[in-house]
Protein chains: 2
Amino acid sequence: MPGRKRMARRHAARARGASPGRAGLKKVDLGHLPNLIGYAIRRAQIAVFQDFQRSFAKFNIRPIQYGVLTVIESNPGLTQTQVCAALGIKRANFVPLLNELARRKLAERRGAVDQRANALYLTKKGKLLMRKLRELNKMHERRLAAGLSGKERAQLIRLLNRTRNAAQSHP
Amino acid sequence: MPGRKRMARRHAARARGASPGRAGLKKVDLGHLPNLIGYAIRRAQIAVFQDFQRSFAKFNIRPIQYGVLTVIESNPGLTQTQVCAALGIKRANFVPLLNELARRKLAERRGAVDQRANALYLTKKGKLLMRKLRELNKMHERRLAAGLSGKERAQLIRLLNRTRNAAQSHP
DNA sequence: TATTGTTATACTCTATAACTATA
DNA sequence: TATAGTTATAGAGTATAACAATA
């Protein structure tokens with residue numbers, strides 16, 4: 001329900017001590033949020049995603065597409081369900097995703113022995129693109145880790161995986 | 001274009017060596033993905049988000065709502081633009097978000113000295129709810145950090161913030 | 001019966017442009 | 001002219017239910 005006019009305001013025009021005046025100058029207290037793992041992950045994720053977008057915009061590739069292309073390249077002949085399981089994608093959502101990769105002639109569905117399934121492969125064009133994408137990704141990753149030592153980078157990934165496992169072990 | 005029937009399949013029913021048989025049994029190679037910061041963050045984020053959902057389902061509160069309520073509680077009288085800036089939300093997207101919190105009588109818009117702006121406050125009901133939510137969040141956070149020492153937890157947040165800053169310093 | 005891929009659908013998050021009322 | 005809030009809209013991510021073909 002996005003209806004809601006803006007008129008119930010001047011009835012109390014200026015409440016108590018709150019006088020933002022020009023918004024954005026006052027330092028905002030984030031409370032305990034900066035001390036929360038989930039908050040730090042979310043903010044980092046947004047920033048990382050945006051850097052990825054900028055980095056891969058030239059080829060119009062999003063993170064999830066890069067993941068799918070990588071998995072198919074590493075495992076030629078995988079079924080859609082297997083790719084979905086590996087990357088945590090719902091099968092239903094994978095269909096339009098793969099459709100676009102197929103439309104762009106980067107990946108293709110071939111027949112499998114199980115006639116219900118599709119065996120997935122990169123096309124030659126897809127493999128060539130992946131070479132460039134890997135380079136882009138290398139630079140992207142270098143930017144992300146710019147402030148980290150090699151050890152710290154490895155530990156960040158380790159701690160993230162442990163957090164993920166902990167969260168998943170509570171169903 | 002999500003149109004695309006399923007008939008271009010049996011023409012090549014069983015290609016080469018790919019015989020998934022029953023999908024899901026074969027170990028899938030994720031390539032270099034497990035060594036990428038962005039991938040680790042994304043997978044962790046999804047798991048953390050789901051644990052949060054389960055934890056807060058009873059009160060029908062999502063992470064972003066918890067963040068907004070926390071910021072308003074810590075800074076009574078803040079304007080919408082200020083909350084948005086603090087949490088990285090677009091002003092346009094904040095409107096329906098706040099509408100729902102207001103509809104549920106958890107937060108409210110009051111008048112500000114600047115008559116263009118709204119001063120935001122938690123209602124009594126909102127403050128009472130926050131007490132329960134903080135407890136839920138404490139348990140949620142405890143689950144996430146179950147496999148981490150206090151030091152590791154602090155460093156995870158530190159490394160995430162550094163990664164975020166690194167990503168943001170490349171506009 | 002169960003599984004694979006698919007369609008349809010819905011809700012949330014994110015992003016941009018344009019409008020209004022104030023400043 | 002600029003700012004705060006708002007509307008409208010669009011795209012992407014995630015989720016569930018149900019169906020046809022195949023096992």
I need the [atom1]-[atom2] distance between [X] and [N], as an integer number of Å.
{"X": "Asn99(B)", "N": "dG5(D)", "atom1": "CG", "atom2": "P", "value": "12 Å"}
{"X": "Asp114(B)", "N": "dA2(D)", "atom1": "CG", "atom2": "C1'", "value": "12 Å"}
{"X": "Glu100(A)", "N": "dG13(D)", "atom1": "CD", "atom2": "C1'", "value": "14 Å"}
{"X": "Phe94(A)", "N": "dG13(D)", "atom1": "CZ", "atom2": "P", "value": "13 Å"}
{"X": "Leu97(A)", "N": "dA15(D)", "atom1": "CG", "atom2": "P", "value": "14 Å"}
{"X": "Leu87(B)", "N": "dC13(C)", "atom1": "CG", "atom2": "P", "value": "13 Å"}
{"X": "Gln82(A)", "N": "dG5(C)", "atom1": "CD", "atom2": "C1'", "value": "14 Å"}
{"X": "Gln45(B)", "N": "dG13(D)", "atom1": "CD", "atom2": "P", "value": "13 Å"}

Could you tell me whether the side chain of [X] and the main chain of [Y] form a donor-acceptor pair under 3.5 Å?
{"X": "Asn75(B)", "Y": "Val71(B)", "answer": "yes"}
{"X": "Arg43(A)", "Y": "Leu87(B)", "answer": "yes"}
{"X": "Ser55(A)", "Y": "Asp51(A)", "answer": "no"}
{"X": "Gln65(B)", "Y": "Leu97(B)", "answer": "no"}

Listed nucleotide nearest any side-chain atom of [X], set [options]:
{"X": "Ala92(B)", "options": "dA8(D), dG5(C), dA23(D)", "result": "dA8(D)"}
{"X": "Ile46(A)", "options": "dG5(C), dA23(D), dT14(C)", "result": "dT14(C)"}
{"X": "Ile64(A)", "options": "dA23(C), dT6(C), dG13(D)", "result": "dG13(D)"}
{"X": "Gln115(A)", "options": "dG5(C), dT6(D), dA23(D)", "result": "dA23(D)"}
{"X": "Thr79(B)", "options": "dG5(D), dG5(C), dT14(D)", "result": "dG5(D)"}

Base dG5(D) to side chain Arg116(B), donor-acceptor N/O within 3.5 Å cut-off: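 Per atom types, no contact qualifies.
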Polar pair under 3.5 Å, donor/acceptor by atom type, side chain Asn93(A), base dA15(D):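 Looking at the base of dA15(D), it does pair with a donor or acceptor on the side chain of Asn93(A) (distance under 3.5 Å).
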Compare side-chain N and O positions of [X] against OP1 and OP2 of [N] and report whether any pair is under 4.0 Å apart.
{"X": "Arg91(A)", "N": "dT7(C)", "value": "no"}
{"X": "Thr81(A)", "N": "dG5(C)", "value": "yes"}
{"X": "Gln50(B)", "N": "dA15(D)", "value": "yes"}
{"X": "Lys90(A)", "N": "dT16(D)", "value": "yes"}
{"X": "Arg109(A)", "N": "dT6(C)", "value": "yes"}
{"X": "Gln53(B)", "N": "dT14(D)", "value": "no"}

Residues within residues 30-44 of chain A bordering DNA chain C, heavy-atom distance below 4.0 Å: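 Those residues: none at all.
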From Arg153(B) CZ over to Arg158(B) CZ, what is the distance, rounded to the nearest 0.5 angstrom?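 With rounding to 0.5 Å, CZ (Arg153(B)) is 11.5 Å from CZ (Arg158(B)).
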How far does CZ of Phe52(B) sit from CD1 of Ile64(B), to the nearest 0.5 angstrom?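 It comes to 11.0 Å.
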Side-chain contact, heavy-atom cut-off 4.5 Å: Glu135(A) with Lys138(A)?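 They are in contact (side-chain heavy atoms under 4.5 Å apart), so the answer is yes.
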Side-chain contact test, heavy atoms from C-beta onward, threshold under 4.5 Å: evaluate it for Leu120(A) versus Glu108(A) and give yes or no.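 No; the side chains remain at least 4.5 Å from each other.
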Pair Arg91(A)-Thr79(A), side-chain contact (heavy atoms from CB on, under 4.5 Å): steps then yes or no: CA-CA 11 Å; Arg91(A) 281 174 310 157; Thr79(A) 68; over 6 Å; no
Judged by each residue's nearest nucleotide on DNA chain D, which is more toward the 5′ side, Gln80(B) or Arg62(A)?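 Mapping each residue to its closest nucleotide by heavy atoms, the 5'-most match is Gln80(B).
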Which atom of Cys84(A) lies closest to which atom of Phe94(A), heavy atoms considered: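 Closest pair (atom of Cys84(A), atom of Phe94(A), distance): SG-CB, 3.3 Å.
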Can you confirm whether or not the ring centre of Tyr66(B) sits under 6.0 Å from the ring centre of His32(A)?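 Ring-ring flag for Tyr66(B)/His32(A): true, centres closer than 6.0 Å.
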Please round to 10 degrees the angle between the axis of the first five pairs and the axis of the last five pairs in the helix from dT1(C)-dA23(D) to dA23(C)-dT1(D).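 So the angle between the two local helix axes works out to 10°.
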By nearest heavy atom, map Leu98(A) and Gln65(B) onto DNA chain C; which one lands nearer the 5' end?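 Per heavy-atom nearest nucleotide, the more 5' residue is Leu98(A).
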